[in-house]
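Written out below as structure tokens is the structure these notes cover.
The model shown is predicted, which means the values in this text are computed figures rather than measured ones. Every chain is numbered from 1, with letters handed out A, B, ... down the list of sequences.
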Number of protein chains: 2
Amino acid sequence: MGMLKKEDAMQFQKIHGQLLRKHHLFSALSDSDLAKLMRGTRVLSVGKGEFLFQQNEEARHFYFVVSGCMKLFRTLPDGTEKIIELVPSNQTFAEALMFSAQTMYPVSAQAVEPAELFSFSNIDYMTLLKSSPDLSLVLLGDLSRRLRMRLNEIEVLSLKNSTHRVVRYLMTQIVGSDSEYPQFDLPVAKRLIAGQLAIQPETFSRIVHRLKEEGVIDMKGKEVTVLDRKALANYE
Amino acid sequence: MGMLKKEDAMQFQKIHGQLLRKHHLFSALSDSDLAKLMRGTRVLSVGKGEFLFQQNEEARHFYFVVSGCMKLFRTLPDGTEKIIELVPSNQTFAEALMFSAQTMYPVSAQAVEPAELFSFSNIDYMTLLKSSPDLSLVLLGDLSRRLRMRLNEIEVLSLKNSTHRVVRYLMTQIVGSDSEYPQFDLPVAKRLIAGQLAIQPETFSRIVHRLKEEGVIDMKGKEVTVLDRKALANYE
DNA sequence: TCCCCCTCTTGATAATCATCAATTGGGTTT
DNA sequence: AAACCCAATTGATGATTATCAAGAGGGGGA
């Protein structure tokens, strides 16, 4: 954990360059720019339950998840936490702060599974950005996408009852699959999913129970099978 | 309503150039660029209750509200509508779409008060953008800000009970005022505010009633006075 | 001015969901 | 294998809020 020595950095880049290349934040960078950026990169390991940063801490870096899963959440006035986002591997987070005067993280970041991260300096990246107009356009597209994702989440949270929220969640998990009986694994613990949907774990459990009873889905552990796609869609 | 003739366009720009200049989408443009952009501008009048566009329509333009107020909302599966944003005068909307491949409006737009709008061509603006890296940075900052606003809204929607949501709403209306007894007008009808908070108008009314009873606020029509700032803050 | 329409309010009731409590189950450590 | 921990489940209860219904207030148009 810490700044890389020069030789390590070269090794590091050879190994992970391709990984980063797949991400839109880095795909538009030239090789030399990417190398330059990586010189300031740190590799971090965050144990399960450990914090990376806390809400209202100064935001100097953004992060790329190599492996594991990070939880971004806000602490509500009553002490409970609201999960804003669960960030799986190969995704970045906290990079949107870089572009505005805001210097505080608006969320806390905690690992829900042991995680490996790359950290990038906001200042370094911004320097690159100023010399690469195309990159700006890519980022604008990215932020715009995120904005629409949030829109979706706001919609989910506004859905009348919890059943609708769960159903909507399941539906989002199977878009793209055109199988008659779509199947997938819950990406995280059920209580975390419940948290994202702003319902209690107990409620989530009961709703799943009912959906199973009605033969709409099956769920064993984290393994979910949709048995009746139409029925699920009609729940909405 | 429609494309402007050349003389009108010049007149138009003289009158409204300053107005637009105050908005970050246009503040970084050179005079000539702004003039170029305005050549494709249309002036629209939308009557109360009239639609500007519907969800899933193709998005070719974004808009600036000169006067009046627009409501952006999504229609939920059960037919009810979820208000995403209320756009007052001197603000733009639907501009974030321009930056990503997405070509459909993710919301419907309707006037809640008779509104005058400018419409701008996405393509024209993007052309300017590609030749003005600084503008991109300004926009990134703007989107980043919006992203945080949505974060706030998600948090509000996650608040346990409706009272907290209303209180939070009132608090956001008085930040910036350091008066002992802050005072403001509700920007739109109460039922719309209730909609934004994802509660029923009846519930909103009852909560306000209780807050008045407890001497925390006073409300006559749209006129709100906070009588006990501390008590309001402590409600959270 | 009066009338009408729509918002807002207030009341009563039913549905939904959170909370508390106890138990089960699965996975990991010792 | 046993002990343990935490997640998940299930049940019972109470609080919150949506819904339905009816009445009051307010502003704009005839």
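Counting to the nearest Å, the C1' atom of dC6(D) and the CD atom of Glu113(A) are 15 Å from each other. Between Met219(A) atom CE and dG25(C) atom C1' there is a gap of 16 Å when expressed in whole angstrom units. Distance, Lys190(B) NZ to dT9(C) C1': 9 Å, rounded to whole Å. Atom CG of Leu211(A) and atom P of dA8(D) are 17 Å apart (whole Å). Spacing between atom CD1 of Ile199(B) and atom C1' of dA18(D) amounts to 11 Å, rounded to whole angstrom units. One interatomic measurement links the two molecules: CG of Leu76(A) to P of dA18(C), which rounds to 14 Å at whole-angstrom precision. Atom-to-atom, NZ of Lys220(A) to C1' of dG25(C) comes out at 15 Å; the value is rounded to the nearest Å. Remark: P of dT10(D) and NZ of Lys212(A) are 7 Å apart, rounded to the nearest angstrom.
Between the side chain of Gln200(B) and the base of dC20(D), no donor-acceptor pair under 3.5 Å is found. Under 3.5 Å, the side chain of Arg210(A) and the base of dT16(C) form no donor-acceptor pair of N or O atoms.
For His209(B), a side-chain nitrogen or oxygen approaches OP1 or OP2 of dT10(C) to under 4.0 Å. Phosphate contact (OP1/OP2 of dT7(C), side-chain N/O of Lys222(B), threshold under 4.0 Å): absent. Regarding contacts with the backbone of dT17(D), a side-chain N or O of Ser162(B) is found under 4.0 angstrom from either OP1 or OP2.
Comparing atom distances between the Ser205(A) side chain and each of dA7(D), dT17(D), dT9(D) picks out dT9(D) as nearest. Distance from the side chain of Arg206(B) is smallest to dG11(C) among dG11(C), dT19(C), dA7(D). Of all nucleotides listed (dC8(C), dA8(D), dC20(C)), dC20(C) comes nearest to the side chain of Glu202(A).
Using a 4.0 Å cut-off between a side-chain N of Lys or Arg and a carboxylate O of Asp or Glu, Glu113(B) and Lys48(B) do not qualify as a salt bridge.
Tyr235(B) and Glu214(B) share a side-chain donor-acceptor pair at under 3.5 Å. No side-chain donor from either of His61(A) and Ser121(A) sits under 3.5 Å from a side-chain acceptor of the other.
Between Leu232(B) and Val167(B), the closest side-chain pair of non-hydrogen atoms falls below 4.5 Å.
Checked against Lys71(A) for a salt bridge (Lys or Arg N to Asp or Glu O under 4.0 Å), the options Glu50(A), Glu85(A), Glu81(A) give a single hit: Glu81(A).
Place Pro201(B) and Thr203(A) on DNA chain C by their nearest nucleotides, and Pro201(B) ends up nearer the 5' end.
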